[in-house]
There are 4 protein chains.
Amino acid sequence: MSHNTFGQLFRVTTWGESHGPALGCVVDGCPPGIPLEAAEIQQWLDLRKPGTSRFVTQRREPDEVRILSGVFGDARTSGQVTTGAPISLMIDNLDQRSRDYSDIATAFRPGHADYPYFAKYGVRDYRGGGRSSARETAARVAAGAIARKVLGEGVRIRAALVQLGKLKIDPGRWDWAETRNNPFWAPDAEAAARWESYLDELRKDLTSVGAVVEVHAEGVPAGWGAQLYGKLDAELAAALMSINAAKGVEIGEGFASAELTGQQNADEMRMGEDGPLFLSNHAGGVLGGISTGQTVIAKVAFKPTSSIPTPRRSLNETGEEIEVRTTGRHDPCVAIRAAPVVEAMTACVLADAFLRHRAQTGGGAFVPGQDGRR
Amino acid sequence: MSHNTFGQLFRVTTWGESHGPALGCVVDGCPPGIPLEAAEIQQWLDLRKPGTSRFVTQRREPDEVRILSGVFGDARTSGQVTTGAPISLMIDNLDQRSRDYSDIATAFRPGHADYPYFAKYGVRDYRGGGRSSARETAARVAAGAIARKVLGEGVRIRAALVQLGKLKIDPGRWDWAETRNNPFWAPDAEAAARWESYLDELRKDLTSVGAVVEVHAEGVPAGWGAQLYGKLDAELAAALMSINAAKGVEIGEGFASAELTGQQNADEMRMGEDGPLFLSNHAGGVLGGISTGQTVIAKVAFKPTSSIPTPRRSLNETGEEIEVRTTGRHDPCVAIRAAPVVEAMTACVLADAFLRHRAQTGGGAFVPGQDGRR
Amino acid sequence: MSHNTFGQLFRVTTWGESHGPALGCVVDGCPPGIPLEAAEIQQWLDLRKPGTSRFVTQRREPDEVRILSGVFGDARTSGQVTTGAPISLMIDNLDQRSRDYSDIATAFRPGHADYPYFAKYGVRDYRGGGRSSARETAARVAAGAIARKVLGEGVRIRAALVQLGKLKIDPGRWDWAETRNNPFWAPDAEAAARWESYLDELRKDLTSVGAVVEVHAEGVPAGWGAQLYGKLDAELAAALMSINAAKGVEIGEGFASAELTGQQNADEMRMGEDGPLFLSNHAGGVLGGISTGQTVIAKVAFKPTSSIPTPRRSLNETGEEIEVRTTGRHDPCVAIRAAPVVEAMTACVLADAFLRHRAQTGGGAFVPGQDGRR
Amino acid sequence: MSHNTFGQLFRVTTWGESHGPALGCVVDGCPPGIPLEAAEIQQWLDLRKPGTSRFVTQRREPDEVRILSGVFGDARTSGQVTTGAPISLMIDNLDQRSRDYSDIATAFRPGHADYPYFAKYGVRDYRGGGRSSARETAARVAAGAIARKVLGEGVRIRAALVQLGKLKIDPGRWDWAETRNNPFWAPDAEAAARWESYLDELRKDLTSVGAVVEVHAEGVPAGWGAQLYGKLDAELAAALMSINAAKGVEIGEGFASAELTGQQNADEMRMGEDGPLFLSNHAGGVLGGISTGQTVIAKVAFKPTSSIPTPRRSLNETGEEIEVRTTGRHDPCVAIRAAPVVEAMTACVLADAFLRHRAQTGGGAFVPGQDGRR
């Protein structure tokens, strides 16, 4: 991970500011011959885009993606396929409301990147947060859509909001289908209902709240990942922690594993009909940095939206003590729109791990009791 | 992070297996002219080395490090200094007890990397866990000692064990000096006493337990880190999650931030005598991926030692269902010796961030109310 | 160098095909606070753009560049400056003549990338050479313009065509100003005149020819570059060899040094008023992979344009033996427009070396007889 | 290429100084399951080692390599195989003659890295050239031996000295077997005889001379390499230019291609029994940065040994004007021992290209007239 690029072989470079003319990314290293239409990317962007419920920012952006390179189709191909060349994706910014930014041009909004960006760079595009705006995550979602195509249908990546403030979902009511039925990506309809009234209350209190997103990647075969510093869980941790407002990452049991005993934690194995079976998944599908064939499970903690209408004490660039109060279009909980971003980052990390695994080993995995790679 | 290398400019490549002739690392990209003697590295290795208390593995390894390259001294230098060339460090393995490994040669020990290593590589050095042994962390600690020298005395990195199983320290009794007075790196003497009897009990129960380590890096100036995928917290997350047995990483409030409101979470600022002051540090010293000048704080959750004397169900390479029971020299809680490793990884990430910051900006930071970089 | 990205800290990722909607690049890692207007990039693109003389392709492309991100200006900045965020540059393709490509859709044009692209990727955008078209070099030139700004006015990078076919310039008549007075970038007016009639002759003979470009980077201080695999000359070699049609790279004396004796080759030193002086520059400004403070000099050999109107024997994708004859808009000598590309690649490599040097050492260099870095 | 590491997936990190205790390398990313004994590496080191003829340095080094990690063997494997873990190789320095270095401790030997190392680092290990000594190439040769195993027997890499000073071999007498019959790696016995007397003469004249090495990699399938900045020829250029004393690199016709016409240069194709056939190989086996299936051919120009017994004018670290005259153990032509190094670097670049190709495409290549990858 270097500046604005991540991935070793499946490489994503994003660019763009909240209020610049456009944002986008270049996805390099994609295998050739994969069917790819803009609409396939668009479907994921539509799940992230703003303005879809009263609980998210009302900024109006169609987030329409264009593929500028790296695909080709003619009479011989059925539709458009990747060519192995870099895929350049662009999304225009349309709703960069022209307004007076003099109130925030020099202010450091508490909880935002304003102060460290000033300290590091001296100059910054303060309009809408500039480069540090969560708007950048649209590029991640677009790249993730391509990663899903690389992984194919065998790998299924789904995320859900499992905790909003102190209100957790009931795991017993987990229903993936439900995540599309409420504006929160909640897998539990009852939780969604409670969150709705809770968020209304928060808004009245002129505040915001944090949340936790959980992601499951099913179908990841055993063997993906690498040794000590290219570990699958280490790369997932980096990718997920790089999402705006993320403050914690867990793999499998995560912090709960600190309270487990060795007996409780280590997942036992038996032989199933189709190969090894684990009797539990405390590991979250990764041991020694390498996938076990179980579902890869991670959680990401998001801090509350820092932009709130309640005045907070701060400084400006000239060192004056000021009060900052953020009005305007902001999500009361940034994590509400984070689920598709978490999915996308997971997809990109897995696509990269898949290619790296194929590089070092030729692909496939050894199966107990069978000869050679399968 | 690629295979067994991490860092972009301060680059650490480790090598070696638990029961091979030696282990070590190559530290490349180190600035020249830094005084560096083997003893300075040794002091940190001595804090990690096995056999120092009855709560850790009794394997007897002096862990004596040799510097094979990258330093030079003559009459004109006072002692030995780095030359800017790669620094090769080597530690001999002395206590690789020659024994019969036929019991684990083909078995997959639950909770260990055995199965995914088999699946991925087909062949593995099973003696003592081979490459996936925590013994590799000696190389991390050695590299971290050099990273500390790069950072200089202005940056102070200290870690402590703050939770063992369900038993947490009392933050009100936090005393860094105490971490060297007990075998657990506990900053709270009372907690250490409780942990001692708790671990004795665990041992009787033939089990193990997980723990949480917290690290503080004081003196990190504002401005270190990079944009979206080179974020300081993302790189810390990767580095800490890459430590053996790590399952979770938090920056600042971490998962607790999910329960905070915007008012509670965003750290307010006032002007101090020496520059900006934050009135709290929920952020853990990082905003937008860039250091704020506050103490950088992270936590790492470690799972319980997977090697336990209680039999667990598993498979072997031929697909047979077996029971695995680990006897021999094992830490009842791997995290007991993890604190120096967490410190070392933090030091390496910070040294890399320091060099990258200096590259892009020339070093220093803008200070509110003052002109130019300081 | 990875796929379509080069540079370690000053990183350039290019994208786009000859006949796609646009091409461009993302320049990441640029220091902040550098004034940068599109016009400053445009001036270099105008030197490379097609259609400027009868000796180059008549494709009509204004090659107008847009800066989509990474710069910002307001009342406090004088004009627009870099912010340290990724700079996305885009150039629309306007003259992708819509025509029937059925003649080349499946043919492998001799000397082109058609066959290996087919072998590797299976599918390829054959329109105008697709990704392998020299049109991609526009993105390099744009990135190079930013690299020049990073290097500042102290470093001056100029290239010239020094050989066309067998016709070499007379070094005694070398005049940099002359390179802008003829369509060949010849530093020797007489050579330019001869080349003009020679190229007319070649065109009548329905053929093309190769050429050699020489680049000088003046003002590079001693100390840039790195040890064995990050050597300044090794990175220059890669960057220059990556230009379309390049087949050879020399540093300083290059292949001629094979014929020199030790006395002749080693540049002697004396003390000048402003520091060390070399009495010759056979080394081309690089020793041990690190700049010496002398002018960095490299040469690049370009093969003749492969697209010629004379029929050549080849195959197509179905394995049929065919004849290929290229009509249409092609440069009779690709190297005629290569000089600005060679300059740009040199600038990018030097900008990267500058940042890496500053990272590892803090910048500056030791001077004989003086204490500390200057 | 970063500092002292090269390769993206097959990664080689070298370390060590001429007169330190040892030198070595870590080879990371090697596929698992490849038989690898120290003797297989040793055979290549023996071809490079000093003291084997009167035309090379008389330093006595057995150059015995030890494999410290990354391999494993037990009753089930036939011998030792790679495990996919980093392979650490070490070669002890035995003949670091303890002598008085005060004459060169502060002097800048002309043509050497002394001055730029001083300028960049301030401090340097001047004993025998320290890090910039050609002794480092032993580590390259060791890594190359592993790369050959990764490539397998299908790829054959051989280098020869084709020019010594102005004396070239006669290509018509090219006989690979001959390269092992003379101390120069000459493929032409008559040339070797002439070189012998020429070198004796040079020695009397207290001087040295440069040379050219040519390398052929046969059996490289079509499709290896990557797009614009990961081109196979660009990476070869960097790898070969990174060898000590290298000043020029050519692919295929190289600089001669500048003098060819389009008809002469572009290699025509016909259909052979086993697939496409090229009727010539001016391209040197690479088009568009990707291998064509023909033999990959490159040439490297080496400058004359800079260490000569004839006094040359120079400076020292205090800025005094001095004369430098090098006595002691030095090759009169460094390139004499360069052939195995050129082979090794070519092998490493190809091994990396092979793994990267397998990553992006799954391996294999499309063949005209056949469906799917073969």
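Everything quoted here is computed from the prediction, not taken from an experiment. In the text below, chain A, chain B and the rest are named by the order of the sequence lines, each starting its count at 1.
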Exercise. Provide the closest heavy-atom pair for Gly223(D) versus Lys120(C) in the form atom of the first, atom of the second, distance.
Key: O-NZ, 2.7 Å

Exercise. Determine whether Lys299(D) and Phe255(C) make a side-chain contact, defined as any pair of heavy atoms from C-beta on separated by less than 4.5 Å.
Key: yes

Quiz item: Based on non-hydrogen pairs under 4.5 Å, which of Ala365(D), Ala226(D), Pro116(D), Ala266(D) is most in contact with chain C?
Solution: Pro116(D)

Quiz item: OH/Tyr229(C) to CZ/Arg11(D) distance, rounded to the nearest 0.5 angstrom?
Solution: 13.0 Å

Exercise. Considering non-hydrogen atoms only, spot the tightest contact between Phe108(C) and Pro368(D) and give its length.
Key: CE1-CG, 3.7 Å

Self-check item: Residue among Asp233(C), Thr14(C), Asn4(C) with most heavy-atom pairs under 4.5 Å to chain D
Solution: Asn4(C)

Quiz item: What part of His112(D) is in contact with chain C, defined as an atom under 4.5 angstrom from a non-hydrogen atom: side chain, backbone, both or neither?
Solution: backbone

Quiz item: Tell me, side chain or backbone of Phe278(D) under 4.5 Å from chain C's heavy atoms, or both, or neither?
Solution: side chain

Quiz item: In terms of heavy-atom pairs under 4.5 Å with chain D, which of Thr261(C), Asp267(C), Thr318(C), Val209(C) leads?
Solution: Thr261(C)

Exercise. Among the options Gly284(C), Pro110(C), Ala258(C), Gly319(C), pick out the one with the most heavy-atom pairs lying under 4.5 Å from chain D.
Key: Ala258(C)

Quiz item: What part of Thr361(C) gets closer than 4.5 Å to chain D, counting heavy atoms only: side chain, backbone, both or neither?
Solution: side chain

Quiz item: Between Leu167(D) and chain C, which part of the residue has a heavy atom less than 4.5 Å away: side chain, backbone, both or neither?
Solution: neither

Self-check item: Contact winner vs chain C - Ala211(D), Ser257(D), Ala237(D), heavy-atom pairs under 4.5 Å
Solution: Ser257(D)

Exercise. Verify side-chain contact (heavy atoms from CB on, under 4.5 Å) between Tyr121(D) and Ile290(C), making sure each step is shown before the conclusion.
Key: CA-CA 11 Å; Tyr121(D) 302 114; Ile290(C) 296 174; 3.9 Å; yes

Self-check item: chain C contact via Ile243(D) - side chain, backbone, both or neither, heavy atoms under 4.5 Å
Solution: backbone

Quiz item: So which of Val324(C), Leu236(C), Asn265(C) has the largest heavy-atom pair count under 4.5 angstrom toward chain D?
Solution: Asn265(C)

Quiz item: How long is the gap from OH on Tyr115(C) to CD on Gln294(D), to the nearest 0.5 Å?
Solution: 9.5 Å

Quiz prompt | Region of Glu136(D) in contact with chain C, defined by heavy-atom distances below 4.5 Å | solution = side chain

Quiz prompt | Among the listed options Lys303(D), Gln163(D), Arg270(D), the residue most often paired with chain C at heavy-atom distances under 4.5 Å | solution = Arg270(D)

Quiz item: Checking heavy atoms, do the side chain of Glu320(D), its backbone, both or neither come under 4.5 Å from chain C?
Solution: neither

Practice problem: Flag the one option from Gln264(C), Glu317(C), Met271(C) with the top tally of heavy-atom pairs under 4.5 Å to chain D. | Solution: Met271(C)

Self-check item: Toward chain C, the part of Phe302(D) with a non-hydrogen atom under 4.5 Å
Solution: backbone

Quiz item: Taking it one step at a time, do Phe6(D) and Leu228(C) satisfy side-chain contact (heavy atoms from CB on, under 4.5 Å)?
Solution: CA-CA 9 Å; Phe6(D) 71 100; Leu228(C) 294 151; over 6 Å; no

Exercise. For the pair Lys247(D) and His282(C), evaluate side-chain contact (heavy atoms from CB on, under 4.5 Å) and give the outcome as yes or no after the intermediate values.
Key: CA-CA 10 Å; Lys247(D) 297 304 283 185; His282(C) 298 291; over 6 Å; no

Self-check item: Region of Asp114(C) that comes under 4.5 Å of a non-hydrogen atom in chain D
Solution: neither

Quiz item: For Thr310(D), is it the side chain, the backbone, both, or neither that has a heavy atom closer than 4.5 Å to a heavy atom of chain C?
Solution: side chain

Quiz item: Going by the side-chain hydrogen bond (donor to acceptor under 3.5 Å, both in side chains) test, which pairs reach into residues 364-374 of chain D, not counting sequence neighbours?
Solution: Gln370(D)-Arg374(D)

Quiz item: Which of the residues Met241(C), Gln227(C), Glu250(C), Glu259(C) is involved in the greatest number of heavy-atom pairs with chain D at under 4.5 angstrom?
Solution: Gln227(C)

Quiz item: Which residues satisfy the salt bridge (charged side-chain N to carboxylate O under 4.0 Å, His left out) test with Arg313(C), sequence neighbours excluded?
Solution: Glu268(D)

Practice problem: Side chain from CB out, backbone as N, CA, C, O: work out which of these in Asn316(D) comes under 4.5 Å of a heavy atom of chain C, or both, or neither. | Solution: backbone

Quiz prompt | Segment of Leu240(C) engaging chain D (4.5 angstrom heavy-atom cut-off) | solution = neither

Quiz item: Among Ile322(D), Val367(D), Leu260(D), Thr292(D), who wins on heavy-atom pairs under 4.5 Å with chain C?
Solution: Leu260(D)

Self-check item: Heavy-atom proximity to chain C below 4.5 Å, by part of Val249(D)
Solution: both

Quiz prompt | Contacting region of Ala283(D) [heavy-atom separation from chain C under 4.5 Å] | solution = both

Self-check item: Partner chain C: residue of Ser291(D), Ala335(D), Gly364(D), Pro276(D) with the largest heavy-atom pair count (under 4.5 Å)
Solution: Pro276(D)

Quiz item: With distance as the sole test, does Arg312(D) use its side chain to make a donor-acceptor pair with the main-chain N or O of Gln263(C) at under 3.5 Å?
Solution: yes

Quiz item: With no hydrogens and no angle check, is any side-chain donor or acceptor of Lys231(C) less than 3.5 Å from a backbone partner on Ser242(D)?
Solution: yes

Quiz item: Nearest heavy-atom pair of Gln360(D) and His3(C): which atoms, and what distance?
Solution: OE1-CE1, 3.9 Å

Self-check item: Top contributor to chain C contacts, counting heavy-atom pairs under 4.5 Å, from Gly288(D), Gly248(D), Gly252(D)
Solution: Gly248(D)

Self-check item: Ile308(D) portion near chain C, given a 4.5 angstrom heavy-atom threshold
Solution: side chain

